[in-house]
Student: 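Below: one structure in C-alpha cells.
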Protein chains: 2
Amino acid sequence: MRSHGMRISAARRLVLEALYAADTPISAEQIADGLSGRLPRSDLASVYRNLETLEQLGLVRHCHLGHGPGLYKPTGAREREYLVCDSCHAVSAVAPAEMAAVRALIFERFGYEASFTHFPILGLCAHCARAET
Amino acid sequence: MRSHGMRISAARRLVLEALYAADTPISAEQIADGLSGRLPRSDLASVYRNLETLEQLGLVRHCHLGHGPGLYKPTGAREREYLVCDSCHAVSAVAPAEMAAVRALIFERFGYEASFTHFPILGLCAHCARAET
DNA sequence: ATACTTGCAAATGATTTGCCAGTGT
DNA sequence: ACACTGGCAAATCATTTGCAAGTAT
C-alpha cells in the first residue's frame with residue numbers, strides 16, 4: 001500500500017480491517033458504521049474515496065449482487081464467483097475453479113474471457129424452480 | 001394491456017412506442033426525452049411509474065448492462081441475452097438459443113436456471129483480450 | 001361519476017465533489 | 001514544510017413518493 005505512494009491513516013486502515021473482518025462483500029455504509037459497532041465508525045464520503053483508491057490499486061473490488069448498493073471485498077486468494085437466485089435472492093459464492101468449465105464454454109462460443117465476480121449469474125435456484133410451477 | 005384493467009393514456013402509449021422504436025434497451029430518461037425529439041417528451045416520474053406497471057404486467061423488462069441507469073425493453077420474441085466487455089464496454093446481444101449450451105452447463109453444475117437478460121455476462125472481448133497482453 | 005393517471009415538486013438512496021483544517025512522512 | 005487526507009456540507013444521479021388537478025371508461 002505504501003509502495004504505491006499511499007499514506008497510512010486510521011480511516012484507511014479501518015476500511016481494510018472491515019473488509020477483511022467480513023466474510024461476504026459489504027457496503028460502504030456498513031464500513032462507515034464500523035460493522036454495526038464492531039469497529040469505530042468513520043465518514044461515509046471518506047470510505048467511498050478510500051474504496052475507490054484501493055480499488056484502483058487492485059487491493060479491493062466491488063460487485064453488484066442485486067438492486068442494493070455496491071458491495072466491496074478485498075482481492076486475493078479468497079476470490080469468488082457468484083450465483084444469485086431471482087426469486088429468493090440467495091447468494092451462492094463458488095471458487096473460480098468450480099466455474100472453469102462454464103468460462104471455458106463461453107470462451108469457445110463467444111470469445112469472451114468471462115467472470116462472475118462483478119455481476120453474478122442470475123437465475124432460479126433449484127429450490128425456487130421446484131416451487132414455481 | 002386493457003385486459004389487465006389498465007387504462008390507455010397518451011403517456012402510456014408513448015412509453016411503449018419508444019420501447020418498440022428503439023432497437024436496444026433504453027433508459028427512462030431517453031423515453032421521457034422522446035428519444036431525442038423523435039417522439040413527444042413526457043414526465044420522467046410518470047415514465048418510471050408506467051415502466052413499473054408495464055413490467056409487473058410482463059410487457060416490459062429492464063436490465064443493467066453497466067454502471068449507468070437501468071435500461072428497459074419490451075418483452076416478447078426479440079428477447080436477447082447480453083455479453084459486455086469489461087474494457088471497451090461493447091455490448092453483444094445474442095438470441096437465447098445461442099446461449100442454450102451455456103445455460104445447460106450451469107444447470108448441470110449448479111442447479112440454476114440461469115439467464116443473462118438482466119445482468120450480462122461480463123468479460124474481456126476477444127479484441128480487448130488481445131490488446132491487454 | 002369515479003377511480004385511475006398525470007405532472008410537478010419534494011423526498012429518498014447511493015455516490016461524488018468542494019473545501020478547509022488536520023496529519024503522515 | 002508539504003502534499004496527501006479526513007470530515008462535514010452540499011451537489012449530483014437515479015428513482016420513488018405525495019398530492020392536487022385531469023381524464024379514460
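Letters go in sequence order (proteins before strands), and every chain restarts at 1. The structure presented is a predicted model; accordingly, all values stated were derived computationally and were not measured.
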Student: Please report the distance separating the P of C/dC19 from the corresponding atom of D/dC2, rounded so that it comes out in whole Å.
Tutor: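 Here C/dC19 and D/dC2 have their P atoms 22 Å from each other.
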Student: With sequence neighbours excluded, tell me which residues meet ring pair (Phe, Tyr, Trp, His ring centres under 6.0 Å) with B/F116.
Tutor: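 Residues passing ring pair (Phe, Tyr, Trp, His ring centres under 6.0 Å) with B/F116: none at all.
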Student: Scan B/G68 against the nucleic acid and name what it touches under 4.0 Å (heavy atoms): base, sugar-phosphate only, or nothing.
Tutor: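 Touches nothing.
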Student: Rounding to an integer number of Å, can you tell me how far B/L44 CG sits from C/dT12 P?
Tutor: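 Answer to the nearest Å: 18 Å.
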Student: Please write out each protein N/O paired with an N/O of nucleotides 17-23 of chain C under 3.5 Å, distance rounded to 0.1 Å.
Tutor:
from, atom 1, to, atom 2, distance (Å)
C/dG18, O6, A/R49, NH1, 3.1

Student: Given atom CE of B/M6 and atom C1' of C/dT6, what is their separation to the nearest angstrom?
Tutor: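 It works out to 13 Å between those atoms.
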Student: Just how far, in rounded Å, is P of C/dT5 from CG of B/L16?
Tutor: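 From B/L16 CG to C/dT5 P: 13 Å.
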Student: Output the rounded distance in Å from CD1 (A/I31) to P (D/dG6).
Tutor: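 From A/I31 CD1 to D/dG6 P: 13 Å.
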Student: Please determine whether a side-chain nitrogen or oxygen atom of A/N50 lies at a distance below 4.0 Å from atom OP1 or OP2 of D/dG6.
Tutor: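 Looking at the OP1 and OP2 atoms of D/dG6, one of them is under 4.0 Å from a side-chain N or O of A/N50.
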Student: For the CG atom of A/L44 and the CZ atom of A/R49, what is their distance to the nearest 0.5 Å?
Tutor: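 Interatomic distance, A/L44 CG to A/R49 CZ, rounded to 0.5 Å: 10.5 Å.
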Student: Between B/H118 and B/H62, what is the ring plane arrangement, given parallel below 30°, perpendicular above 60°, and tilted in between?
Tutor: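 The rings of B/H118 and B/H62 stand perpendicular, inter-plane angle above 60°.
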Student: Of A/L71, A/L122, A/T24, A/L83, which is the lone residue that meets side chain to side chain contact (heavy atoms under 4.5 Å, CB included) with A/L65?
Tutor: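 It is A/L71; the other options fail the test.
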Student: Looking at the side chain of B/D43, which of D/dT15, D/dC8, C/dC8 is the nearest nucleotide?
Tutor: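 From the listed options, C/dC8 comes nearest.
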Student: Between CZ of A/F110 and CD of B/E98, what distance do you get to the nearest 0.5 Å?
Tutor: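 Reported value, rounded in 0.5 Å steps: 5.5 Å.
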Student: What is the distance, to the nearest angstrom, from the CZ atom on A/R12 to the P atom on C/dG24?
Tutor: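 That distance rounds to 12 Å.
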Student: Separation of A/L71 atom CG from C/dG13 atom P, in whole Å?
Tutor: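 Going from A/L71 (CG) to C/dG13 (P), I get 17 Å.
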Student: Nearest whole Å is fine: how far is C/dT16 P from A/E55 CD?
Tutor: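 In whole Å, C/dT16 P and A/E55 CD are 10 Å from each other.
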Student: In a check of side chain to side chain contact (heavy atoms under 4.5 Å, CB included) between B/V60 and each of B/L16, B/T75, B/V15, which one passes?
Tutor: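 That would be B/L16.
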Student: Which is more 5' along DNA chain D, the nucleotide nearest B/Y72 or the one nearest B/A10? Just name the residue.
Tutor: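 Taking each residue's closest nucleotide, the earlier one in sequence belongs to B/Y72.
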Student: In terms of relative ring orientation, are A/Y48 and A/Y72 parallel, tilted or perpendicular, with 30° and 60° separating the classes?
Tutor: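 A/Y48 vs A/Y72 ring planes: perpendicular.
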Student: Closest nucleotide of DNA chain D for B/G70 versus for A/R41: which of these residues is on the 5' side?
Tutor: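 So the residue in question is A/R41.
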Student: In whole angstrom, what separates B/L51's CG from D/dT17's C1'?
Tutor: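 Going from B/L51 (CG) to D/dT17 (C1'), I get 16 Å.
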Student: Looking only at side-chain N and O atoms, does B/S9 come under 4.0 Å of OP1 or OP2 in C/dT5?
Tutor: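 B/S9 to C/dT5 OP1/OP2: no side-chain N or O under 4.0 Å.
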